[in-house]
Amino acid sequence: MLGAMLQETDSETSREGLEDFGGAPTEPGANRAERLLADLNEPQREAVCHGEGPLLVLAGAGSGKTRVLTHRIAYLLATGAARPGEILAITFTNKAANEMRERVGALVGRSVRAMWVTTFHSACARMLRADAERLGYSRGFTIYDESDSLRMLKRCMEELHVDPKRYPPRAIRSQISGAKNQLVDASAYAAAQGSIFEETAAEVYALYEKRMLEANAMDFDDLLVRTVNALELFDEVRERWRRTFRHVLVDEYQDTNHAQYRLLQLLTSEHGNLMVVGDEDQSVYGFRHADIRNILDFERDFPEAEVVKLEQNYRSTQTILSAANAVVERNRERRPKRLWTELSGGEPLQLSELADEHEEARWVAAEIERLGEEDGVRREDVAVFYRTNAMSRVLEDTLVRYELPYQVIGGTKFYERAEVKDAIAYLSLIVNPADQVSFARIVNSPRRGIGKTSQGRLAAHANTTGLPIWEVAGRAEEVPGLGAAAIKAVSRFHQTMEGLRAQADSAPVASLLEAVLCESSYLEALAAERTIEAEGRAENLEELVGVAGEFDVNRELEGGGDVSPLEEFLQQISLYTEQDGLSDESAITLMTLHNAKGLEYDTVFVIGCEDGAFPHMRALEEGGEEEERRLCYVGITRARRRLYMTWTRERRLFGRAERNLPSRFVDELPAELTERHSSAPGAGTAWEAETFAGGAESLDPAPALRTGDDVVHASFGDGVVTAVEPGGVVVVRFSGDGAERKLMADYAPIRKR
DNA sequence: TCTTCGCGGTATGGC
DNA sequence: ACCGCGAAGA
């Protein structure tokens with residue numbers, strides 16, 4: 001059995017609890033430490049046993065990095081090098097943090113509760129709750145998600161009369177976000193302005209910062225930046241956290257940005273106990289301003305650092321690893337390394353070209369069905385990855401028709417639904433009376449006769465007086481220009497909410513939420529709609545109450561901190577994206593390639609492998625080919641045994657059919673590791689697979705073009721065919737500029753001469 | 001002030 | 001194909 005040969009790798013959580021000393025860490029430390037090292041390979045052991053000072057673990061895909069992290073934490077405790085409360089372990093996603101917490105818990109028992117095992121963002125939020133006041137925020141600050149912060153940004157642009165047509169708010173925000181992650185504040189940014197666009201962005205940046213502070217709100221970037229600010233500005237704060245976290249461990253270090261790097265530096269520069277684990281080949285968050293230089297330059301930044309390389313892979317077959325290596329080796333921004341495994345051989349990669357996304361979806365569904373029937377492959381061992389969320393739709397429809405249960409990770413999020421956001425806005429306003437965006441969201445929802453004009457007057461008054469918006473609402477009669485009817489409506493709303501605020505400190509979150517939904521008449525308004533949609537929305541709110549109830553119970557058990565339950569609840573869910581949630585036990589898993597990082601599946605399909613989709617056009621325009629290639633590497637290395645990649649000749653985008661060429665990454669796979677299939681062009685729905693072992697030659701169906709033919713292209717002129725590829729693709733080298741271009745033989749304005 | 005209709009932008013990726 | 005926003009009408 002293949003499985004028996006595999007050492008436990010990253011995403012298998014269940015087995016860890018069965019080994020070592022489970023939840024009973026009562027034996028002497030030396031024995032415990034010994035046992036922790038027992039089934040590690042040499043470099044893994046070296047990393048776990050590392051003493052004081054910086055440590056870089058270069059961990060290739062599937063090389064057991066989570067194992068090294070969790071065992072090192074346990075080892076630090078067992079040898080007495082650290083107490084549980086001195087550990088800060090950081091990951092990038094909540095999911096990864098939960099998994100790490102679980103696995104550490106399995107090794108060390110309940111002392112995991114004293115550790116901070118969490119994401120960068122929630123660690124920062126926790127630290128800021130204690131020290132935000134020094135920066136002019138109050139501890140009940142609200143965390144704005146993307147849409148909230150974009151709202152705020154739009155308001156600022158309006159106020160400055162910046163035309164959103166000429167300056168798209170998203171572009172401005174990305175500019176601001178980039179500056180923040182480089183720790184460039186508004187005035188420094190303004191001082192360095194160049195183009196008119198940047199000048200405009202600088203102006204918006206400054207006002208945005210001001211209004212965010214007044215609203216006592218932080219966006220995701222602020223959480224990092226403000227924490228860095230607090231640590232840099234206040235010796236006392238810095239010393240306190242340095243003393244607290246004697247050992248800092250960071251997972252996925254290749255995804256850190258400059259602010260995060262600075263944060264780690266501030267926390268660890270004194271004792272130097274920083275362990276980072278990462279793999280530059282899996283750096284795929286450049287768009288979030290991650291800086292791959294952080295991992296590439298680690299030894300330069302921390303000169304005494306010890307470096308350990310983990311290159312033995314315990315996950316995939318040699319075929320899959322060879323394919324992954326072949327792709328990623330084309331990148332320049334990397335250290336030389338090569339994954340290897342004791343599992344030689346393996347099935348070849350299956351590459352399939354299909355007519356369009358519908359055929360692709362049917363092909364995938366049918367293949368999953370076949371694997372289940374013929375090879376006994378379980379659905380929960382199958383995952384389908386795609387580059388963009390939009391690609392899941394057609395596949396979902398098809399899986400439903402095939403009656404194949406599936407679950408989608410990520411994508412449309414529960415917490416982004418309007419009604420859920422409304423409910424949360426009510427709660428936010430209770431905690432943070434200055435929260436303008438939440439106020440604007442709910443003041444007239446349900447309708448209370450407080451329209452746009454009145455809202456504008458309230459906001460303007462808050463801005464000019466500097467009073468929290470809630471204060472302004474409480475003194476509506478003082479707001480210039482507000483009509484009598486509006487004053488009455490605002491006052492009533494204010495009164496209702498004041499009543500709810502009075503309960504906020506003591507009541508469990510669930511009952512508070514229920515009271516909010518009732519007394520605000522929100523549920524009543526939904527019921528009055530009498531539509532299926534409204535019913536669904538009410539159900540979602542019920543689910544949110546359920547989430548709150550769960551939170552209350554957990555808090556009861558764990559005896560929450562010094563923060564009010566409501567504050568803690570809000571913080572938790574504002575940093576919460578779609579977790580695996582109710583992970584379905586017998587379903588196929590669908591997700592983006594980005595979401596797939598850190599996971600593994602027996603059988604993996606990567607769909608939509610077309611140039612322009614993957615690598616994505618936009619990424620290529622931004623010079624991100626290497627990052628896209630790394631994403632491909634991530635996708636390939638998720639597979640344990642079987643890997644499929646598919647692309648389509650045509651795909652609908654914005655309702656428009658686009659013609660595609662296969663992804664350049666497909667061509668980078670060594671032919672001897674792959675098998676190609678192609679559906680007959682023009683066969684419509686009833687296609688028949690033709691199989692061609694080894695790829696490239698002679699699959700071209702209709703066109704008579706062959707390698708070596710001289711051709712003329714309507715705009716590129718004379719050229720010669722250098723290769724013929726599946727799907728009617730010919731590669732032509734043109735004499736005009738000497739460049740090679742891929743063309744669709746059927747559609748390109750090209751003829752033989 | 002609220003509702004409806006139609007247009008246009010949108011859909012790389014996520015804490 | 002879908003959602004959000006603005007214009008126009010009730």
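The sequence lines fix the lettering, A, B, ..., with proteins before strands; numbering per chain opens at 1.
At a threshold of 4.0 Å, the pair A:Arg173-A:Glu146 counts as salt-bridged, since one of the basic side-chain nitrogens sits closer than that to a carboxylate oxygen. For A:Glu159 and A:Arg155, the salt-bridge test fails: no basic side-chain N is under 4.0 Å from an acidic carboxylate O.
Mapped onto DNA chain B by nearest heavy atom, A:Gly449 and A:Phe220 fall at different nucleotides, with A:Gly449 at the one closer to the 5' end.
For A:Asn444, a side-chain nitrogen or oxygen approaches OP1 or OP2 of B:dC2 to under 4.0 Å. At B:dT1, one or more side-chain N or O atoms of A:Ser454 fall inside 4.0 Å of OP1 or OP2 (strictly under the cut-off).
Per the geometry, CD belonging to A:Gln254 stands 15 Å off C1' belonging to B:dC15, to the nearest Å. For the pair A:Glu158 CD and C:dG6 P, the interatomic distance rounds to 8 Å; values are reported in whole Å. The distance from atom CG of A:Leu150 to atom C1' of C:dC3 is 14 Å, rounded to the nearest whole Å. Going from atom CZ of A:Phe385 over to atom P of B:dG14 covers 13 Å, rounded to whole Å. The separation between A:Asp148 atom CG and B:dC15 atom C1' is 14 Å, rounded to whole Å. Taking atom NZ of residue A:Lys154 and atom P of nucleotide C:dG4, one finds them 10 Å apart after rounding to whole Å. Rounded to a whole Å, the CZ atom of A:Arg393 is 11 Å from the C1' atom of C:dC3. Spacing between atom CZ of A:Arg651 and atom P of C:dA1 amounts to 16 Å, rounded to whole angstrom units.
A:Glu252 and A:Thr91 form no side-chain donor-acceptor contact under 3.5 Å, judged by distance and modelled atom types alone. Counting only N and O atoms by type, the side chains of A:Arg129 and A:Gln571 include a donor and acceptor under 3.5 Å apart.
Counting any heavy atom pair closer than 4.0 Å across all strands shown, A:Phe614 reaches no nucleic acid atom. Looking at heavy-atom distances under 4.0 Å, A:Ser392 makes no contact with the nucleic acid at all. Among the atoms of the strands shown, none is found under 4.0 Å from any heavy atom of A:Asn257. At a threshold of 4.0 angstrom between heavy atoms, the contacts of A:Thr453 are confined to the sugar-phosphate backbone, with no base atom among them.
A:His616 and A:Phe287 have their aromatic ring centers separated by at least 6.0 angstrom.
Closest of all the heavy-atom pairs between A:His594 and A:Leu631 is CE1-CD2, 3.4 Å.
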Quick tally for nucleotides 8-13 of chain B: nucleotides whose base has a protein heavy atom under 4.0 Å get B, sugar-phosphate-only ones S, the rest -, giving --BBBB
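Qualifying side chain to side chain contact (heavy atoms under 4.5 Å, CB included) partners for A:Ala201, counting only residues two or more places apart in sequence or in other chains: A:Ile172, A:Gln175, A:Tyr189.
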